2 protein chains.
Amino acid sequence: MTDTDPNSTPERKRGSGVKMVYDLLRDEILDLVLPPGSPIDEVQLAERFKMSRTPIREALVRLAGEGLIDTLPNRSTMVASIDFLNMHTFFDALVLMYRVTTRLAAQYHRAEDLQVIRAHQADFAAAVAAQDALAMIATNAAFHSAIAEAGRNAYFTGLFNRLLDEGRRILRLYYQSYEDRLPQRFVDEHEDIIAVIAARDSEAADRLATIHAEQIVQQIQKLFARGGKLDIAL
Amino acid sequence: MTDTDPNSTPERKRGSGVKMVYDLLRDEILDLVLPPGSPIDEVQLAERFKMSRTPIREALVRLAGEGLIDTLPNRSTMVASIDFLNMHTFFDALVLMYRVTTRLAAQYHRAEDLQVIRAHQADFAAAVAAQDALAMIATNAAFHSAIAEAGRNAYFTGLFNRLLDEGRRILRLYYQSYEDRLPQRFVDEHEDIIAVIAARDSEAADRLATIHAEQIVQQIQKLFARGGKLDIAL
DNA sequence: TGCATATTATTTGTCGACAACAATTATGCA
DNA sequence: TGCATAATTGTTGTCGACAAATAATATGCA
């Protein structure tokens, strides 16, 4: 019983390690468990996941490719900062992607897409009812991501999901203390959006998505104006 | 003289290897030197660049993150195919990004941006005059990328540059034999676009970009209809 | 011969170790 | 003491080798 020791627990499928590290690190970054500026140490992660540095580095390269971590050559690597100075570019892109993905969903969705969208909407309504801010953020993102998927344009869904991720990070900054809640109004707007998508009314979808997106942007900007825990590395 | 042998030529800066492989492989993919479906062999590349597989793999991971190569787990990795079936999604995204980047350039550009844009336009005009189709593709992309940079929205420039890359690959399919040329009309339209950007006329910028983009899409679709060397792995 | 199984070969995924680079601390000299 | 230089430390980048997984080939049995 040397290397066939059943208790040596190297029982991890070949290639699953990278995905595991990637997924978990990504979640920790987006949930601000690892706030912007946090140092990422390869050997520390290697010990934590009980694997060599090679798969760790591959996961980090992928995260760097998505802009979630920044790498200083030959030096440290850390969680990417949030660019508060250019927040308006984020809002511009977010509103436009809300519009175009909703419009395309009205145009190209199939019957089964509506099932998925309605399921996510139910989750969102439940989160609002429970006044669970963190759940609202997650379920709202999932709802709109599902709409984007129904629009069937990989270029748009790619950018949109990236924006939703960044939005998740920004919102967590302010909602981690559960001190506020997104209004019931968003639930109603979601219902209206589902209706116009189902009716394949592209123009109405665009219009409602615009209003909805600008509501959300306004909501975020209000939080900014009120001020928050901005003691985070820029 | 063991490892300090000056002729052992490991003279390559620590960390430059990945970038070198990434850049060169990326160019070869976009120029169709490596056509879609081409197998990518790690050890072959390692021998070619005289380095270990580790930096090669890092470059490949990054290329995979941008969708330029596809990786079958535990099996081969190859140059990503061009999705002809969903070409309309590419056109939709391209037109929209043409519009929004040009509009934002009219809004946010600085004086020095126009210098760069005009320089690229001169390159494009020269390529048209010389009837150099490949140079037209490259300079046209550089021209519009410069406009997007002037718009100063990293989310949009990111997607737009990705679309321009994909467009480079698509156009190379048809223009490699220099059998056609983009019309002089595009040069004139570029001049008009520069003018409205300089005048900070967002609406006109949007309008002209729309017309221009749809011209280009129509041009590409005409090439498709006429048929071409489509004996490429789907 | 035809097919299932076993063997080999090829390629990818992972590992442990070493070297290079940068920051930090220690040392020496004025 | 003050500062330039040298050792030290910690982290990243690269390497060569091994192990796992799949595909290709060979073997054996009916």
Side-chain angles (χ1 to χ4, degrees), chain A residues 1-25 29 34 37-65 67-80 233, chain B residues 1-25 34 37-65 68-80 233:
Chain A
M1 62 163 92
T2 55
D3 61 337
T4 54
D5 179 5
N7 288 14
S8 61
T9 59
E11 313 300 340
R12 176 169 33 83
K13 269 161 209 155
R14 173 191 173 83
S16 70
V18 180
K19 180 170 167 41
M20 172 181 299
V21 175
Y22 170 82
D23 286 339
L24 195 129
L25 225 46
I29 291 172
L34 294 174
S38 301
I40 309 262
D41 186 13
E42 294 176 4
V43 308
Q44 192 177 319
L45 287 171
E47 291 169 1
R48 178 176 166 194
F49 289 99
K50 292 194 167 55
M51 58 180 73
S52 116
R53 277 175 52 220
T54 307
I56 304 286
R57 278 177 67 86
E58 181 172 331
L60 293 183
V61 167
R62 280 165 59 176
L63 289 169
L68 290 178
I69 64 176
D70 287 333
T71 299
L72 284 297
N74 280 320
R75 233 161 324 150
S76 65
T77 148
M78 50 185 173
V79 177
Chain B
M1 64 163 93
T2 53
D3 59 337
T4 55
D5 178 5
N7 289 15
S8 62
T9 60
E11 311 300 340
R12 176 167 34 82
K13 268 161 210 155
R14 175 189 171 83
S16 69
V18 180
K19 180 170 166 45
M20 172 181 299
V21 175
Y22 169 83
D23 286 338
L24 195 130
L25 225 46
L34 293 175
S38 300
I40 308 261
D41 185 13
E42 294 176 3
V43 308
Q44 191 176 320
L45 287 171
E47 292 168 1
R48 177 176 167 193
F49 289 97
K50 292 195 168 53
M51 59 180 72
S52 117
R53 278 175 49 220
T54 307
I56 304 286
R57 278 178 68 85
E58 181 172 330
L60 294 183
V61 168
R62 280 164 59 177
L63 289 169
L68 290 179
I69 64 176
D70 287 333
T71 299
L72 285 296
N74 281 319
R75 227 156 334 143
S76 66
T77 147
M78 50 184 172
V79 177

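Everything numeric in this text was worked out from a predicted model, so none of it was measured. Order of the sequence lines fixes the chain letters, A, B, ..., with proteins taken first and strands second; residue numbering starts at 1 for each chain.
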Scan nucleotides 6-12 of chain C against the protein and return all N/O pairs shorter than 3.5 Å with their distances rounded to 0.1 Å.
{"unit_1": "dT12(C)", "atom_1": "O2", "unit_2": "Arg14(A)", "atom_2": "NH2", "d": "2.0"}

Do Arg62(A) and Leu68(A) have side-chain heavy atoms sitting under 4.5 Å apart?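 Of all side-chain heavy-atom pairs linking Leu68(A) with Arg62(A), none is under 4.5 Å.
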With side chains defined as the heavy atoms from C-beta onward, is the minimum distance between Val21(B) and Met51(B) less than 4.5 Å?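 Side-chain contact under 4.5 Å: yes.
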Which pair of non-hydrogen atoms, one from [X] and one from [Y], has the smallest distance, and what is that distance?
| X | Y | value |
| --- | --- | --- |
| Ile56(A) | Glu42(A) | CG2-O, 4.1 Å |
| Gly67(A) | Ala80(A) | O-CB, 3.3 Å |
| Arg53(B) | Ala46(B) | CG-CB, 4.1 Å |

Arg75(B) pairs by side-chain contact (heavy atoms from CB on, under 4.5 Å) with which of Thr77(B), Leu72(B), Thr71(B)?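 The option that passes is Leu72(B).
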Go through DNA chain D in 5' to 3' direction and return only the first and the last nucleotide with some atom under 4.0 Å of chain B's heavy atoms.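 On DNA chain D, the outermost contacted nucleotides are dT12(D) to dA23(D).
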After noting the C-alpha distance and the side-chain angles of Thr54(B) and Thr54(A), does the key distance pass the side-chain contact (heavy atoms from CB on, under 4.5 Å) rule? CA-CA 8 Å; Thr54(B) 307; Thr54(A) 307; 5.7 Å; no
